[in-house]
Amino acid sequence: MRASRLYLDNAATSFPKPPGVTQAMVDYAQNLGASAGRGAYAEAIETGRKITECRQLLNQLFNGQDPNHFVFTLNCSDALNLAIKGLIDPAEKSHVICTAIDHNSILRPINALQERGWVQATVVPVDPQTGLVDPHDIRKSIRRNTCFIAITHGSNVTGTIQPIRAIGQIAREHAIPFIVDAAQSAGHIPLDVQADLIDLLAAPGHKALMGPLGTGFLYIRPGLEKMLRPLREGGTGSVSEHPVQPLFMPDRYEPGSHNAIGLIGWSEGLRWLIRKTIADIQRHEKELIQTFLDGVSHIEGLRYFGPRGVRNRIGVFSVLLETYEPIELSKILENDFGILTRPGLHCAPHIHETIGTARTGGTTRFSFGPFVSREDIRYATDALARIAETRLISR
Ligand SMILES: Cc1ncc(COP(=O)(O)O)c(C=O)c1O
């Protein structure tokens, strides 16, 4: 067993964070400690400036039209709740489109709206081998009253990257808001809200965007705020004489004190990403993917899901090893090799039905990050090979 544990659960949250993230948080806690927009003194003003910087970095990274249209949220689920529920008018029974590869943070808000009788949903199937959605199937599902199309960009189960630009084109042609869950793609692959025709982009700060837990955002295409209802109201530190939530951005969607410490740490993570470039991160991740594929291709009894090569995929691999329950495999990986993985359904139930792992206890998931090396991946695939050999001898 190696000296240090090998963290391969970056799809849950990234670890470690880039240098500077923790220090920025400590500096804020020791030297500022104020709440933005809640005081006229220098510390409160400086905290507000630092929070604005975080929006500017996001605007730069995703080619947004206005930093104030990046609304801060608790995480990606919180952002998706705002996008999904904010677009629904209970008085009109609307139709919505999502897909079989989506995470529960899209499916559950939609299911909750369905239970109340406020929407009808079409769940578009995906290819069982690749996990890809056919944009034509999305087009065929559109109805006169379709009020949004939502999709998980990078799958947290199969690693599949969806053709969002083609789907965005279809949505734009029909003037239907297009919601993208970028929980597993933001920070891994290039994303451009304008070129990709995204109306509402949701992402966590704490995964590949390299921030701490408790951070996330929803990008709202300018103009869409006129139809997106806020889910929360309260103090904004601005226009306090107004009895209702202000209409201007980002205050329309940001009642209450900000997670200043988290956002200030997140800015350091974003600066690190911008300096390193997403292209460089993607190149490294492709090398890790190829190393994993080479390492597992000859392991008898091992199956992995999603695209076969490096194309159309991120560094997320779900595997099944014959005769092992996913939870059992994760435990052996941890106890005998110090490798940290995630077993189970990964909050995405439909895709396990599609790939046939709903009744096997799901899969064991390996997910990579920028601090994982090719040697780390070789160590992980060698561990899988050794476990597979032991199984052949002992079972
Ligand atoms: C595809 C996908 N969407 C949404 C989420 C939810 O992210 P968060 O935990 O930031 O709410 C996850 C989390 O794992 C995810 O993998």
Side-chain angles (χ1 to χ4, degrees), residues 7-15 17 58 70-85 98-112 123-124 126 131-133 148-162 164 167 178-189 191 198 200-219 231 259 262-263 265-266 269-270 285 305-306 312-318 340-352 354-355 362-369:
Y7 183 78
L8 291 181
D9 196 18
N10 288 276
T13 199
S14 56
F15 180 81
K17 306 297 178 190
L58 289 169
F70 284 83
V71 168
F72 292 128
T73 60
L74 299 172
N75 46 41
C76 189
S77 309
D78 191 35
L80 287 164
N81 268 270
L82 171 56
I84 290 169
K85 293 179 181 162
C98 59
T99 78
I101 204 150
D102 292 338
H103 188 272
N104 268 342
S105 52
I106 289 182
L107 299 175
R108 284 185 172 167
I110 290 179
N111 292 342
V123 182
V124 175
V126 299
L132 282 165
V133 173
F148 67 72
I149 297 169
I151 191 164
T152 295
H153 185 196
S155 168
N156 62 319
V157 176
T158 60
T160 313
I161 301 171
Q162 302 298 339
I164 52 163
I167 301 169
F178 181 37
I179 304 172
V180 173
D181 165 5
Q184 301 296 346
S185 56
H188 288 277
I189 56 175
L191 253 167
I198 298 169
L200 293 159
L201 177 71
H206 64 93
K207 299 191 199 263
L209 293 179
M210 294 294 148
L213 281 159
T215 56
F217 74 82
L218 181 68
Y219 173 72
L231 302 188
N259 172 15
L263 297 175
W266 189 11
L270 292 169
E285 191 160 323
F305 301 88
N312 295 331
R313 73 145 50 251
I314 44 168
V316 169
F317 279 96
S318 266
L340 312 188
T341 58
R342 181 175 172 190
L345 296 182
H346 317 106
C347 307
H350 290 321
I351 187 61
H352 284 281
T354 306
I355 64 177
T363 54
T364 298
R365 185 181 75 184
F366 296 75
S367 51
F368 313 157

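Every number for a ligand or one of its atoms is a count from 1 in the order of the listing.
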Open item on the list: Tell me the contacting part of Cys76 for ligand 1: side chain, backbone, both, or neither, using a 4.0 Å heavy-atom threshold, strictly below.
Closed with: both

Open item on the list: Please classify the His206 to ligand 1 contact at 4.0 Å (heavy-atom distances, strictly less than): side chain, backbone, both or neither.
Closed with: side chain

Task: For Arg365, the option from Thr341, Thr158, Val316 that meets side-chain contact (heavy atoms from CB on, under 4.5 Å) - done: Val316

- [ ] Please determine which of Ile314, Val180, Ile167, Leu201 meets the side-chain contact (heavy atoms from CB on, under 4.5 Å) test together with His153.
- [x] Val180

Proximal ligand 1 atoms for [X], defined as those under 4.0 Å from one of its heavy atoms:
X: Lys207; value: 7 (O), 12 (C), 13 (C), 14 (O)
X: Ser77; value: 6 (C), 8 (P), 11 (O)
X: Thr152; value: 1 (C)
X: Pro204; value: 10 (O)
X: Gln184; value: 1 (C), 14 (O), 15 (C), 16 (O)
X: Ser105; value: 3 (N), 4 (C), 5 (C), 6 (C)

Task: Ring centroid separation Tyr219 to Phe70 under 6.0 Å - done: yes

Task: Nearest-contact summary for atom 5 (C) of ligand 1 - protein heavy atom, Å - done: His103 CE1, 3.5 Å

Task: Taking atom 3 (N) of ligand 1 as the reference point, the nearest protein heavy atom with its distance - done: Asp181 OD2, 2.6 Å

[atom1]-[atom2] distance between [X] and [Y], expressed to the nearest 0.5 angstrom:
X: Leu82; Y: Leu231; atom1: CG; atom2: CG; result: 5.0 Å
X: Cys347; Y: Ile106; atom1: SG; atom2: CD1; result: 13.0 Å
X: Arg313; Y: Glu285; atom1: CZ; atom2: CD; result: 10.0 Å

TODO: Please determine, by modelled atom types, if Thr152 and Asp102 share a side-chain donor-acceptor pair under 3.5 angstrom.
DONE: yes

TODO: Please tell me if the side chains of His346 and Ser318 come closer than 4.5 Å, counting only heavy atoms from C-beta onward.
DONE: yes

If we only consider heavy atoms of [X], is any one of them less than 4.0 Å away from an atom in ligand 1?
X: His346; value: no
X: Ala11; value: yes
X: Gly216; value: no

Task: Under 3.5 Å: N/O of Ala183 near N/O of ligand 1 - done: no

TODO: Locate the shortest heavy-atom distance separating Pro212 from Lys17; write the atom from each residue and the value.
DONE: CA-CE, 4.3 Å

